[in-house]
Amino acid sequence: MKWIYFAKLYRSEFQASCLAQRLEQDGWIYGYEEPNSVEIFRSRKGRFGVRFIL
């Protein structure tokens, strides 16, 4: 299994955590598979992103 990276990087960890929560909670609404693991990571330039494993 490989990590899938969400395309956008955010300035704050709070913004990235909002997206991570949405990925974890809203899968059943849109009919896609819920991710097994969701992580917030920090890029080399100090921005925050979200990655997940299906």
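Sequential numbering from 1 along the given sequence is applied to the chain's residues. Values below: all heavy atoms of this structure, side chains included; hydrogens, waters and symmetry mates excluded.
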**Item:** Euclidean distance, I40 CD1 relative to Q21 CD, rounded to 0.5 Å
**Value:** 8.0 Å
**Request:** Determine the sole option in I4, V38, L9 for which the side-chain contact (heavy atoms from CB on, under 4.5 Å) test with V50 is passed.
**Result:** V38
**Request:** First locate atom SG of C18, then atom OH of Y10, and finally report the distance between them rounded to the nearest 0.5 Å.
**Result:** 9.0 Å
**Request:** Could you walk me through whether S17 and F48 pass the side-chain contact (heavy atoms from CB on, under 4.5 Å) test, one step at a time?
**Result:** CA-CA 9 Å; S17 68; F48 295 92; over 6 Å; no
**Request:** For side-chain contact (heavy atoms from CB on, under 4.5 Å), just list the numbers for R47 and R42, CA-CA rounded to whole Å, side-chain angles, deciding distance to a tenth of an Å, and then say yes or no.
**Result:** CA-CA 6 Å; R47 301 186 93 182; R42 190 169 190 161; over 6 Å; no
**Asked** Y5, I53: one ILVMFWY side-chain cluster at the under-4.5 Å cut-off?
**Response** yes
**Asked** Applying the 4.5 Å side-chain criterion to the ILVMFWY set and letting contacts propagate, would F52 and L19 be lumped into a single cluster?
**Response** yes
